[in-house]
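Predicted model only: the values in this text are computed from it and were never measured.
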Amino acid sequence: MGISMIVNIIFLATCYPIMFVLYFLYRDIGDKNTYCFGATLKRELREDPAVQQIIRDYKRNLKRYTIIVGVIPVIFLLIESFSINMSLWMIWLLVMCFVPMFWMAKANIQIKELKKERGWQEEAMVSYTDLKTAAVPRRVKFTTFLPTLILSIIPVILAFVLFQQEGHILFGWMIAIFGICTIVFYLCALWTDRQRVEVICEDSDTNMNFARAKKQAWKNYWLLCAWLNTAFTWFMLYIMWQRNWALTGLIWGTIVYCVVIMVFTWKLIKSLFSINNKYDKKRTVMNEADDDSHWIWGMVYYNKKDKHYMVESRLGTGTTINLGNKAGLITEIIAFGTLLLIPLMCVWMIMMEFTPLQVTVENDTIICKQLNVDYRLPLAEIDEYEVVTELPKNLIKVAGTGMDNLLSGTYEAYRQGTFELFLNPQNDLFIKITIDDEVYYIGGEDDEATQDVIDAIEDYMK
């Protein structure tokens, strides 16, 4: 199975279902409790024909868009290039997640204009602090997460002991990464449990019950994720110990893991929506953060007077960053910069795949060059060299690039140690070179180019 097809399987199984989750999540954005497309609007006003028309237009556009975006990945199955396939999937993910925000923003602007036109102004915002809610007990306790934390550490310890003895320490580090994710889930649970309590009315008991319900929902979600990750860590330890089907197990195990995580997330979203709907009729307090003037398109919160780093989101569930807070602004700049790097990374992958390998001998030095010079191997320092037609079996990338037509960087093989590779695995002729106990497998653009290097080495050795 080619790398490109593996990419298709992974993305189809893990990312494609996200499209349907987002559709059902975005579909009801126009009727989220106190807000209509992120704008404050009393529930009785949503029955107005003009408001209903805005909601219908939004849902129609979202449905058409989802159908179109859902068909596009079929084309990816016909593409054999790894870099192009990966680039298209990454762009598809960005389009799938962010394009619906255009219609959300449009609907938000229309609702705000309609409110202004009809005189539907909010009641004066008040600053309301319920000191009693500060006594809401934490729902996340260390003892609750302790069993899963311990059970995640055990396979990590076993992995380093077992795989170090077998000469495959990279597997130990891979298991360690999976095990650490359990700790991350626990830290996320602590973080959500310590978020400020939202005040929805003047009755302290109602506020406390509302806070308890939401904290409990988040605690259950992170606990389920932690147990799932623990089971996945043990599963990965088992399949890597088997080795013969480690790659297949990794692919399908990851697919199942991601699907189950999405199911947990969907249940969390439904639970939070249910809680909000239950308490929506009891909401009588509009806090400063509920002022439409602080929300851009109903999605972006900007309020310099609010010192909170994060506030309750008006769209979907969860929280959003306050851009009026310096730390929040820096976070958003970093996130936006990361998104801009994705197209650059796509260009880099395509250049890597379609730029021919160049292996030449210049000034008694083997030069391995692609986009830049990867290796310089002086002929005088070569301890041994061998012409080979087969590469070590079950190579695993430690660092570098792995494509159907390019293996470059550091790779590890079971009980054979690590190697530096710079070659096209589709060729038939390679050179194995040993310099100071470091082993290199190199090859040119084709077998003819590799043979030219072999001839140059033999002439020098004479």
Side-chain angles (χ1 to χ4, degrees), residues 21-22 24-26 28-36 38 40 43 125-145 148 184-228 261-291 294-295 298-299 301 303 306-322 325 328:
V21 174
L22 290 178
F24 290 110
L25 179 62
Y26 289 156
D28 298 322
I29 287 298
D31 192 31
K32 181 184 182 292
N33 307 302
T34 315
Y35 312 109
C36 183
T40 53
R43 188 170 294 277
M125 302 299 169
V126 297
S127 179
Y128 189 91
T129 302
D130 188 347
L131 297 179
K132 189 175 180 180
T133 57
V136 175
R138 303 295 185 191
R139 312 308 293 178
V140 175
K141 297 180 180 179
F142 178 70
T143 52
T144 304
F145 282 80
T148 183
V184 172
F185 284 132
Y186 170 64
L187 295 176
C188 288
L190 286 178
W191 181 78
T192 54
D193 198 45
R194 282 160 174 72
Q195 293 303 299
R196 68 168 179 169
V197 175
E198 183 183 4
V199 178
I200 63 174
C201 66
E202 290 85 353
D203 182 62
S204 296
D205 290 335
T206 300
N207 292 329
M208 292 186 68
N209 291 333
F210 178 66
R212 285 195 189 98
K214 295 185 71 172
K215 287 178 179 289
Q216 186 66 33
W218 277 107
K219 188 265 289 186
N220 291 340
Y221 172 74
W222 293 121
L223 186 59
L224 285 173
C225 290
W227 276 112
L228 173 65
I261 284 286
M262 282 187 285
V263 172
F264 290 165
T265 304
W266 177 246
K267 289 186 175 181
L268 170 67
I269 292 171
K270 288 183 63 178
S271 177
L272 292 176
F273 267 120
S274 176
I275 294 169
N276 284 327
N277 287 331
K278 178 181 178 181
Y279 285 88
D280 188 44
K281 296 180 180 179
K282 301 178 182 180
R283 184 184 293 270
T284 59
V285 172
M286 300 291 286
N287 296 297
E288 185 181 12
D290 291 317
D291 191 341
H294 296 313
W295 291 86
M299 294 179 277
Y301 182 65
N303 186 0
D306 189 346
K307 301 304 180 182
H308 290 95
Y309 172 71
M310 305 194 80
V311 297
E312 191 82 10
S313 175
R314 286 188 169 191
L315 300 175
T317 59
T319 56
T320 189
I321 293 174
N322 177 15
N325 180 292

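Panel note: side chain S274, backbone K270; no donor-acceptor pair is recorded below 3.5 Å. Side-chain N or O atoms of N303 include none that pairs as donor or acceptor with a backbone N or O of N322 at under 3.5 Å. Without hydrogens or angle criteria, S271 side chain to K267 main chain gives no donor-acceptor distance under 3.5 Å.
With rounding to the nearest 0.5 Å, the separation of CD1 in I261 from CG in L268 is 11.0 Å. Taken from CE in M208 to NZ in K215, the straight-line distance is 11.0 Å, to the nearest 0.5 Å. In this structure, the separation between CH2 on W191 and CH2 on W222 is 9.0 Å, given to the nearest 0.5 Å. With rounding to the nearest 0.5 Å, the separation of CZ in F185 from CG in L223 is 11.5 Å.
The two residues T148 and F145 have their closest heavy-atom pair at CG2-O, 2.9 Å. Here the closest heavy-atom approach between residue M299 and residue T320 is recorded as O-OG1, 3.8 Å. Counting all heavy atoms, side chain and backbone alike, A217 lies closest to I275 at CB-CD1, 4.2 Å. Residues D193 and V140 come closest through the heavy atom pair OD2-N, 3.3 Å.
A perpendicular orientation is assigned to the rings of Y221 and W218, their planes being inclined by more than 60° (bins at 30° and 60°). Using the six-membered ring where Trp is involved, Y186 and F142 have ring planes that are perpendicular, over 60° apart on the 30 and 60° scheme.
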